[in-house]
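Below is one structure, written out as structure tokens; the observations come after it.
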Amino acid sequence: GSFNSTVGAVTFGGGGASNISDTSAGTTSFFGLTINKSAAGVQVTSTTDWTVNSAYTNTLGDLVCTGGTVTMGGTVGTNLSVNGGSVQFNHLAIAMSATIIKTHNAGNFNVIGNFSCTSGTFTSSAGTITMNGGAGASIGITSAEVTTFNSLTIAKTNALVSTTSNFTVNASLSVTTSAQFLATTGTITLASGTAATIVNTSTAAAPQLSFFHLTVNKTGATTSTANYTVTGNYTNTAGVVTHTGGTVTFAGLATRTLTVTAGTLTYNNLIVNMAGGTNLNQTGSYTVDGNFTVTGGTYVATSGTVTFSGTTQTINSTAGTIPRFFGLTADTGAVLTLASSVDVDFLLTVTGELRMTGNQTLRIGTTGAIGTMTVNGTLTCSGATPTITARAAGFRMALTVNGTINVTALNFSLANTSGMNLASLATVTALDNVAFTSALSGAGNVHLTIACVATMTFLGCSFDASFGAGNNVEMNNAASSE
């Protein structure tokens, strides 16, 4: 037979253990259900399917479901409140008959099986929902309405939680123990004004924490020290996102985007490991405090500036492609080493130190635009042999040094009218073994402009004669001597 309660609440009380069981072919349906045992630790157990159509309240005692599915359903708003004791569902389903808010008001509960929302809206306004146990599980949301977790923790034992769904997290998203979390489609959005964290302390093999699309749209701050992967798009539309540790890896199988339209975004280490022949396209600005590495695919920025503001940092590509930035800044205090070739379309600003210590090529500018490199900190070039040039023949770049230049080896070409411009505030530690080539032809164009006060000895420098009536060196400060 069936049990169907249409009003009121059924309360499990007393000091003894209780059980919810249905071995019939019928259904078990509570309008309201309350667990209020007389002592902590007293259990209500269940291995069967049952439904709550109004409110579930856990005040004292423990609900332990080791089988079956608990469904929050009905035609009125339903509260799922854990005010005391503990709650463990096997499978938990949200299946309202209409678009009705389902609210988890307070406290924490566990789900050892699947979480699903097929109709209605689920909103968790407090507490943490933990998916634990030793079996694989899924988060499946097919409702047209929004599903929102306050905090979501994946704490499986050597098991995976997968999802292909869209949902929102307001506070923390954590992967712990030996769990894995894998989103293969869908968008996970971090929202609300609550401070949020992304945590990964899992000891499992990869994927430990892998998003498909990830969006941050918060008025509160988001912090992370986690290693995680994004295989879809990343979008920052509001809020301050700061990674103080860990590595974020972009690893899409198709071209993806990294977009910052508002708020701020700071990574620790960033790896681009896209599939061959695909791009990670950047729009908007963000900061990197660690290293930037391309191990697969191509990185292309069409707007914005990437600011390196750590201490000892590198940009490196082992993918056979050249990372292409729109704007790039080596900030005060940063020592940024180019371990591979780099393109900068618009503006490269050095207020810390930029180092090139081998055969890397730095190309500045793009089609129809003169790229600009401004050194207010230190430019160091050495080894065999770095190159600073424009993007291609027919393009031009401008280099102005207001800080310190320390060059013992460099190929320098395709500069604009002033060539390499050592401005009035520049300090020259060394300018040796520089091959100046392909300056603009015609009167008034030079390979090297010196406007600073300095006594300089140039060792091993060479100048080609391809630019016609221009000068090799022009000294614009009478106090300078050569």
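Note that these values count all heavy atoms, side chains included, but never hydrogens, waters or copies made by symmetry. Keep in mind that what you see is a predicted model, and the values were worked out from it rather than measured.
Remark: Ile388 CD1 to Leu338 CG distance equals 8.5 Å, nearest 0.5 Å. The CZ atom of Arg355 sits 12.0 Å away from atom OG1 of Thr314, with the distance rounded to the nearest 0.5 Å. For the atom pair CG of Asn269 and NE2 of His243, the computed distance is 11.0 Å after rounding to the nearest 0.5 Å. A distance of 8.5 Å separates CG in Asn166 from NE2 in His213, rounded to the nearest 0.5 Å. To the nearest 0.5 Å, atoms CG (Leu354) and OG1 (Thr349) are separated by 11.0 Å. Distance CG/Leu348 to CG/Leu328: 5.5 Å, rounded to 0.5 Å.
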(request) Would you sort out whether Phe109 and Leu92 count as a side-chain contact (heavy atoms from CB on, under 4.5 Å), showing the intermediate values? (result) CA-CA 11 Å; Phe109 65 81; Leu92 178 62; 3.6 Å; yes
(request) Step by step, work out the ring-ring contact (aromatic ring centres under 6.0 Å, His included) result for Phe211 and Phe250. (result) CA-CA 10 Å; Phe211 300 94; Phe250 284 85; over 10 Å; no
(request) Please test Thr231 against Leu253 for side-chain contact (heavy atoms from CB on, under 4.5 Å), starting from the C-alpha separation and ending with a verdict. (result) CA-CA 7 Å; Thr231 60; Leu253 297 177; over 6 Å; no
(message) Evaluate Val288 against Gln313 for side-chain contact (heavy atoms from CB on, under 4.5 Å), listing each step before the verdict.
(response) CA-CA 9 Å; Val288 177; Gln313 300 177 263; 4.2 Å; yes
(request) Show your working on side-chain hydrogen bond (donor to acceptor under 3.5 Å, both in side chains) between Asn376 and Asn402 and close with a plain yes or no. (result) CA-CA 5 Å; Asn376 298 319; Asn402 299 306; 2.9 Å; yes
(request) List the steps, then state whether side-chain hydrogen bond (donor to acceptor under 3.5 Å, both in side chains) holds for Thr389 with Ser413. (result) CA-CA 5 Å; Thr389 185; Ser413 64; 2.8 Å; yes
(request) Carefully, step by step, assess Ile198 and Leu209 under the rule side-chain contact (heavy atoms from CB on, under 4.5 Å). (result) CA-CA 10 Å; Ile198 301 173; Leu209 174 55; 3.7 Å; yes
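Under the 3.5 Å distance criterion, with hydrogens and angles disregarded, no donor-acceptor pair is assigned to the side chains of Thr385 and Asn411. Thr380 and Glu353 share a side-chain donor-acceptor pair at under 3.5 Å. A donor and an acceptor atom, one from each side chain of Ser172 and Ser151, are located under 3.5 Å apart.
Here the options are Tyr286, Tyr299, Tyr267, the test is ring pair (Phe, Tyr, Trp, His ring centres under 6.0 Å), and the partner is Phe292; only Tyr299 passes. None of Asn279, Thr278, Thr283 except one satisfies the side chain to side chain contact (heavy atoms under 4.5 Å, CB included) rule with Asn281; the exception is Asn279. For the pairing with Ser210, the side chain to side chain contact (heavy atoms under 4.5 Å, CB included) check across Leu182, Thr184, Thr249 returns one residue only, Leu182. Each of Asp331, Thr287, Asp289, Thr332 was compared with Ser309 under the side-chain hydrogen bond (donor to acceptor under 3.5 Å, both in side chains) criterion, and only Asp289 meets it.
A donor-acceptor pair under 3.5 Å is absent between the side-chain atoms of Thr293 and the main chain of Ile271, judged by distance alone. Within the 3.5 Å criterion, the main-chain N or O of Thr164 finds a donor-acceptor partner in the side chain of Thr185. Side-chain atoms of Thr157 do not come within 3.5 Å of backbone N or O of Gly134 as any donor-acceptor pair. A donor-acceptor pair under 3.5 Å is formed between the side chain of Thr321 and the backbone N or O of Gly297. Judged by distance alone, with hydrogens and angles left aside, the side-chain atoms of Thr177 form a donor-acceptor pair with the main-chain N or O of Lys156 at under 3.5 Å. With Ser224 contributing its side chain and Ala226 its backbone, the two residues share a donor-acceptor pair below 3.5 Å. Side-chain atoms of Thr404 do not come within 3.5 Å of backbone N or O of Thr378 as any donor-acceptor pair. Within the 3.5 Å criterion, the main-chain N or O of Ala204 finds a donor-acceptor partner in the side chain of Ser202. Using modelled atom types, no side-chain atom of Asn217 and backbone atom of Ala191 make a donor-acceptor pair closer than 3.5 Å. Side chain of Asn114 to main chain of Ser138: a donor-acceptor pair is present (N/O by atom type, distance under 3.5 Å, no hydrogens or angles).
In terms of heavy-atom proximity, Phe181 sits nearest to Val175 at CB-CG2, 3.9 Å. Between Val294 and Pro323, the shortest heavy-atom distance links the atoms CG2-CG, 3.9 Å. Summarising the geometry of Ile322 relative to Ser341, their closest heavy-atom pair is CG2-O, 3.6 Å, with the distance given to 0.1 Å. The minimum heavy-atom distance between Thr305 and Ser285, with the atom names listed, is N-OG, 2.9 Å. For the residue pair Thr244 and Thr225, the shortest heavy atom distance occurs at OG1-CG2, 3.2 Å. Nearest heavy-atom pair across Gly383 and Ala409 is O-CB, 3.1 Å.
The shortest side-chain heavy-atom distance between Thr153 and Ser174 falls under the 4.5 Å cut-off. Side-chain contact check for Val350 versus Leu379: every heavy-atom pair is 4.5 Å or farther apart. Put simply, the side chain of Phe115 reaches to within 4.5 Å of the side chain of Phe122, judged on heavy atoms. Looking only at side-chain heavy atoms (C-beta outward), Phe212 and Arg256 come within less than 4.5 Å of each other. Side-chain contact check for Thr237 versus Val216: every heavy-atom pair is 4.5 Å or farther apart. With a 4.5 Å cut-off on side-chain heavy atoms, Met420 and Leu410 count as touching. Looking at heavy atoms from C-beta onward, Leu265 lies in side-chain contact with Leu258 at the 4.5 angstrom threshold. Looking only at side-chain heavy atoms (C-beta outward), Thr259 and Gln282 stay at 4.5 Å or farther from each other.
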Which side-chain N or O atoms in residues 424-436 pair as donor and acceptor under 3.5 Å with protein atoms at least two apart or in another chain?
unit_1, atom_1, unit_2, atom_2, d
Asp432, OD1, Leu459, N, 3.0
Asn433, ND2, Thr408, O, 2.9

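Ring-centre distance between Phe346 and Phe325: not below the 6.0 Å cut-off. Residues Phe463 and Phe412 place their aromatic rings such that the two centres sit no closer than 6.0 Å.
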